[in-house]
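Structure first, commentary second.
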Amino acid sequence: MLEPVPSYTGRLAPSPTGRLHLGHARTFWIAAERARQSGGRLLLRMDNLDRDRCRDEYAQAALSDLAWLGLHWEAPVIVQSTRIARYRQALAQLHAAGFIFPCERSRRDVREAAGAPHEDDEEPIYPREFRPPAAAKGPPLGDVIHTNWRFRVPDGETLAFNDALVGPQSAEAGCDFGDFLVWRKDDLPSYQLASVVDDIDFGITEVVRGADLIRSTFRQLLLFHALGAPAPTFAHCALMRDESGRRLAKRHDALSLQTLRDQGVTPVDITAKFSAQS
Ligand code: GLU
């Protein structure tokens with residue numbers, strides 16, 4: 001049992017890029033349980049910024065699957081695609097304070113110059129030789145953005161946090177992760193920036209999400225600091241794997257909640273397993 005924390009505010013943050021599977025269900029169930037046991041609030045945020053991969057039907061399906069599972073969250077749902085102007089304000093704040101620089105390099109340039117990324121993270125470390133000198137005053141942002149903007153990480157600084165589920169974590173900026181995207185050349189915020197701005201604006205006190213995002217948490221700690229806001233605490237849930245040890249992904253249709261629902265599996269069958277594991 002967690003100590004009741006009256007001000008606890010948590011959030012569920014599905015990405016509507018496919019049907020939710022058992023791994024998502026487990027993470028979201030843990031998030032809901034932690035909010036419930038703390039006597040706190042639980043919000044739901046739809047991470048629908050990726051125009052190529054997100055679909056409304058998946059967003060509707062995610063809400064339906066989570067409600068079916070018995071999870072409750074407070075209305076209204078926070079929809080990231082409606083908050084672009086607010087993210088843009090945060091970007092201007094980072095720009096004015098000199099935290100970011102424009103980057104004309106393609107993903108491919110970065111990948112080729114950087115070598116292999118860490119296995120738990122898709123983003124290669126941004127090569128230092130691509131970075132403008134720290135003193136260089138960058139160009140203005142402009143009304144419409146056609147270039148990627150990156151956050152300049154403080155090389156050599158150690159970032160640390162004490163995860164409520166996986167214990168103490170630390171990473172060195174510039175070594176374990178590099179300069180990361182905050183705004184994309186298709187004029188949309190990156191996941192890192194949008195997530196932090198939402199967590200600040202909605203007063204999130206604890207972020208519960210999959211362990212695949214631990215490395216992103218270090219980037220996000222830098223963003224909370226740069227935006228002058230206290231960081232929440234974090235609880236990263238172990239990822240679920242299939243029989244061959246591969247991380248569950250949206251391609252695992254057999255384990256999608258829709259398939260399980262169609263087969264007559266009940267929410268209690270699923271959540272009873274989660275409680276036994278936690
Ligand atoms: N939308 C992300 C996901 O589905 C989670 C992001 C977050 O919790 O910060 O993996």
Side-chain angles (χ1 to χ4, degrees), residues 8-35 41-56 58-66 69 71 73 77-83 87 90 120-123 151 161 163-166 169 177 180-182 184 188-224 227 229 231-241 247-252 255-257:
Y8 184 105
T9 304
R11 77 328 190 252
L12 309 172
S15 295
T17 54
R19 295 302 301 235
L20 297 185
H21 57 58
L22 217 43
H24 300 115
R26 181 160 174 277
T27 299
F28 292 139
W29 179 82
I30 294 172
E33 274 298 285
R34 293 184 68 83
R41 307 170 59 202
L42 185 66
L43 309 180
L44 189 146
R45 175 183 99 197
M46 198 53 78
D47 284 3
N48 66 342
L49 288 176
D50 186 338
R51 286 189 192 128
D52 295 334
R53 296 173 59 223
C54 293
R55 291 215 231 132
D56 280 348
Y58 291 139
Q60 291 313 320
L63 298 178
S64 149
D65 285 342
L66 292 173
L69 202 60
L71 306 193
W73 56 88
V77 167
I78 301 155
V79 179
Q80 287 197 320
S81 60
T82 64
R83 292 181 35 80
Y87 305 136
D120 59 346
D121 190 50
E122 263 132 46
E123 197 160 321
F151 188 96
F161 63 97
D163 190 283
L165 295 174
V166 292
Q169 305 291 314
F177 65 96
F180 58 89
L181 270 187
V182 286
R184 300 167 11 168
L188 284 174
S190 72
Y191 153 68
Q192 311 292 351
L193 181 64
S195 182
V196 166
V197 171
D198 290 340
D199 289 337
I200 294 172
D201 288 1
F202 294 96
I204 302 302
T205 60
E206 182 179 76
V207 169
V208 181
R209 61 186 171 203
D212 53 328
L213 289 170
I214 290 181
R215 208 168 292 270
S216 282
T217 296
F218 297 113
R219 301 181 179 109
Q220 294 179 18
L221 288 174
L222 290 172
L223 284 176
F224 281 107
L227 291 169
T233 55
F234 296 90
H236 288 92
C237 306
L239 298 177
M240 220 178 238
R241 301 192 176 269
R247 220 164 96 176
L248 284 198
K250 293 198 167 124
R251 64 177 177 272
H252 286 81
L255 295 173
S256 81
L257 293 184

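In what follows, every heavy atom counts, from backbone to side chain, and hydrogens, waters and symmetry copies are set aside. Atoms within a ligand are numbered from 1 in the order they appear, just like the ligands themselves. None of these values were measured; they are calculated from a predicted model. For this chain, numbers begin at 1 and follow the sequence in order.
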> For ligand 1, does His236 get within less than 4.0 Å through its side chain, its backbone, both, or neither, judged by non-hydrogen atoms?
Replying inline: neither

> With backbone taken as N, CA, C and O and side chain as the heavy atoms from C-beta onward, which portion of Val207 lies under 4.0 Å from ligand 1: side chain, backbone, both, or neither?
Replying inline: neither

>> If I apply the N/O under 3.5 Å rule, does Asp212 come out as touching ligand 1?
In response: no

>> Taking Asp198 first and then Arg11, would you say they form a salt bridge - that is, a charged N and a carboxylate O separated by under 4.0 Å?
In response: no

> Between His236 and Gly210, what is the shortest heavy-atom contact and its length?
Replying inline: CD2-O, 3.4 Å

>> Less than 4.5 Å apart, side chain to side chain, heavy atoms only: is that true for Arg34 and Leu165?
In response: yes

>> Below 4.0 Å, non-hydrogen atoms only: which portion of His24 touches ligand 1? Side chain, backbone, both or neither.
In response: neither

> For the atom pair CD (Gln169) and CZ (Phe234), what is the distance rounded to the nearest 0.5 Å?
Replying inline: 11.5 Å

> Do you see a donor-acceptor pair shorter than 3.5 Å between the side chains of Arg53 and Ser15?
Replying inline: no

>> Within this structure, what is the OH-CG distance for the pair Tyr58 and Leu63, rounded to the nearest 0.5 Å?
In response: 15.0 Å

>> Taking 4.0 angstrom as the limit and counting only heavy atoms of Ser195, give me the atoms of ligand 1 inside it, by number and element.
In response: 9 (O)

> Do any nitrogen or oxygen atoms of Ala13 come within less than 3.5 Å of a nitrogen or oxygen of ligand 1?
Replying inline: yes

> Going by the order shown, which atoms of ligand 1 are within less than 4.0 Å of some heavy atom of Tyr191?
Replying inline: 6 (C), 7 (C), 9 (O)

> What atoms of ligand 1 come closer than 4.0 angstrom to any heavy atom of Arg209?
Replying inline: 7 (C), 8 (O), 9 (O)

